[in-house]
There are 2 protein chains.
Amino acid sequence: MDMKIKIVDVATKAGVAPATVSRVLNDSSKVTPKTKAKVMKIINELGYQPNAAAKNLRSQKTMTIGVVVPDISNSYFSEVIKGIGNIAYSKKYKVVICDTENNAEKELEFLNLLTTRTIDGVIMVAPMLSNEIILNFADHEYSIGIVGRQIDHERIPCILTDNVKFSMQVISHLVGLGHREIAIINGSSHAVDSSNRLEGYLKALKEHQIPFHPELIENGDFNETGGYEAFKRLLAKKIRFSAVYSANDEMALGVYRACSEHGIQIPMQLAVVGVDNNRISKYLNPPLSTVNQPKYTMGALLVEKLIDMMNENEDAENRILKVESELLIRGSSDYKIKGRE
Amino acid sequence: MDMKIKIVDVATKAGVAPATVSRVLNDSSKVTPKTKAKVMKIINELGYQPNAAAKNLRSQKTMTIGVVVPDISNSYFSEVIKGIGNIAYSKKYKVVICDTENNAEKELEFLNLLTTRTIDGVIMVAPMLSNEIILNFADHEYSIGIVGRQIDHERIPCILTDNVKFSMQVISHLVGLGHREIAIINGSSHAVDSSNRLEGYLKALKEHQIPFHPELIENGDFNETGGYEAFKRLLAKKIRFSAVYSANDEMALGVYRACSEHGIQIPMQLAVVGVDNNRISKYLNPPLSTVNQPKYTMGALLVEKLIDMMNENEDAENRILKVESELLIRGSSDYKIKGRE
DNA sequence: ATGAAAGCGCTAACAT
DNA sequence: ATGTTAGCGCTTTCAT
């Protein structure tokens with residue numbers, strides 16, 4: 001195998017036309033087993049590898065799907081990516097990953113790969129861009145799928161869990177342990193997830209007839225430092241609370257750090273519950289209670305749907321996929337507090 | 001902006017030749033500021049986006065670099081990827097990531113993107129494939145860079161830390177705490193890293209005149225379960241040891257789990273030291289002592305070197321980059337044991 | 001500084 | 001079932 005062997009080289013040596021070689025490679029059904037064998041033999045002898053750019057140009061597709069995530073080192077996203085990757089691979093698609101590092105501009109720029117026809121479709125995981133921008137791309141016939149947010153456009157498949165519902169579950173769990181002053185450390189206020197998680201929090205309080213104190217809400221931007229600082233602000237307010245619902249595990253990490261600095265004991269003095277079932281959460285001391293989402297499955301199901309829709313094998317009917325989440329009760333909230341007063 | 005605008009559409013509307021539009025986009029120097037402005041205006045009006053496949057085909061390059069890692073959800077690899085991604089991005093290169101999930105075949109298959117000219121070069125992080133195979137690709141003029149292993153070929157840049165050296169440091173640290181029976185849980189025996197880490201272990205023992213017991217060596221395949229099982233095998237042998245050097249943090253996770261099941265207290269009854277400074281390690285209880293490598297920097301430096309070499313801006317002289325690692329002493333080994341005669 | 005023309009390597013439409 | 005022909009959209013000589 002050497003130098004740039006082209007399809008015509010193979011064709012000549014095999015005594016057939018280039019088109020036949022192409023057929024052998026792409027659509028063997030339309031070719032005699034005998035010719036196929038002959039051609040394959042030459043292909044192997046010559047070590048022929050079709051040029052991807054020429055193929056892409058001619059066929060007007062790249063068999064490549066892009067994936068945009070806010071942070072590749074967060075296990076939530078890497079699990080989703082694994083799900084996408086494996087299914088895509090089984091369907092002969094390549095996957096290009098973009099780690100935006102929480103930068104919305106980078107996210108937007110990545111969508112350019114769609115417009116330059118470098119990729120055939122894109123999956124956005126927990127996107128930062130507004131619905132408006134995303135809808136605009138979909139309107140221009142680009143294929144987009146979303147993990148973790150619902151966007152209403154008939155060409156956009158989405159997969160999500162019910163944030164309101166699991167947040168209510170978390171609060172109910174805490175109430176069941178005797179907590180009545182429950183703080184919430186939420187993510188970036190513009191994120192849809194944040195408002196849904198807050199909504200669930202409020203709904204649950206109402207359901208349990210617990211008065212709502214706005215001072216018990218803080219924002220931690222979905223990262224460790226943010227969680228740490230939000231918790232410190234909570235402490236600084238000198239108001240009483242016995243539990244914290246952290247809208248993701250990363251922020252809960254910050255809560256743990258602050259607690260350790262202030263000598264606050266989890267779960268005896270403070271119950272903590274996170275969201276995501278981050279790889280780290282079960283190794284914490286105490287292990288962190290959290291909400292698990294089927295991350296791998298979410299990636300897998302969505303990419304399958306997207307590919308189907310791109311190839312129009314699929315009606316756009318059930319394009320909103322919902323999956324169940326599960327509250328994992330671990331050491332950080334496994335403690336029933338006494339009634340006080 | 002709509003439908004497929006081509007370079008000729010822009011050219012016509014701007015009253016110039018397609019070649020001029022191409023020059024504006026790629027090599028503005030050779031075009032009058034006035035023409036350039038005129039063309040740019042039309043480009044924006046029409047929302048023209050050059051077709052990547054056509055560009056790749058004609059220019060014989062894709063401005064894309066592939067990265068292969070064994071496991072994207074391991075923070076060691078995701079940090080390396082971040083380093084690669086950011087530098088590549090700043091040099092106008094795209095990055096395609098492949099998560100092999102420890103599958104050597106998938107690794108090999110990914111290299112096919114090189115032969116089909118889908119990517120211009122590839123970076124292999126802790127590759128599983130043999131030197132022989134990798135060298136063969138390099139011999140065929142493909143651009144390959146390696147993170148975490150040294151391969152001797154003048155066209156292959158490599159970046160690494162000194163595994164022997166830091167392993168000796170780890171053992172010396174443990175010896176300094178009074179340990180003399182030190183077990184090692186190593187990675188897959190065919191990995192170069194494993195043999196280097198073992199070499200360092202043996203060298204350090206010799207240096208400290210500590211007798212070597214082959215029963216104190218076990219293999220844990222670089223993953224949590226492997227570490228768990230290796231440690232159980234160690235226990236089953238009923239030989240005495242007071243410290244374990246785990247060749248990575250993942251396996252140390254397994255050691256922690258086994259210890260907790262067997263009521264073994266770290267660091268009082270057993271000192272543990274890992275390698276990688278995995279994100280999880282500092283959150284363990286007790287925090288895990290480990291060897292930190294400058295992962296982000298390693299990715300960044302290597303991709304820079306690779307790009308330089310691809311564009312022949314760089315002599316192949318100093319193609320072996322060495323970076324320093326650092327032993328982080330944390331709770332899991334921060335305990336001086338009594339001399340017992 | 002700009003234009004005209006050729007061609008990168010493949011696949012698809014049409015012809016046989 | 002296979003061959004012939006044309007062309008995907010761009011960049012790059014070579015002219016001017």
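Naming: A, B, ... by sequence-line order, numbering from 1 per chain.
Within 6.0 Å of NZ on B:Lys106 lie more than 12 heavy atoms contributed by other residues, nucleotides or ligands. Annotation: B:Lys322, atom NZ; neighbour count of heavy atoms from other residues, nucleotides and ligands within 6.0 Å does not exceed 12. In A:Lys36, the NZ atom is not crowded: 12 or fewer heavy atoms of neighbouring residues, nucleotides or ligands sit closer than 6.0 Å.
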Sugar-phosphate means primed atoms, P, OP1 and OP2; the rest is base. With that split, encode nucleotides 8-16 of chain D 5' to 3' as B, S or - using protein heavy atoms under 4.0 Å.
-> BBBBBB---
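A salt bridge links B:Asp152 with B:Arg319; the closest basic N to acidic carboxylate O contact falls under 4.0 Å.
Note on residues 62-87 of chain A: pairs passing salt bridge (Lys or Arg N to Asp or Glu O under 4.0 Å), not counting sequence neighbours, are A:Asp71-B:Lys82, A:Lys82-B:Asp71, A:Lys82-B:Asp99, A:Lys82-B:Glu101.
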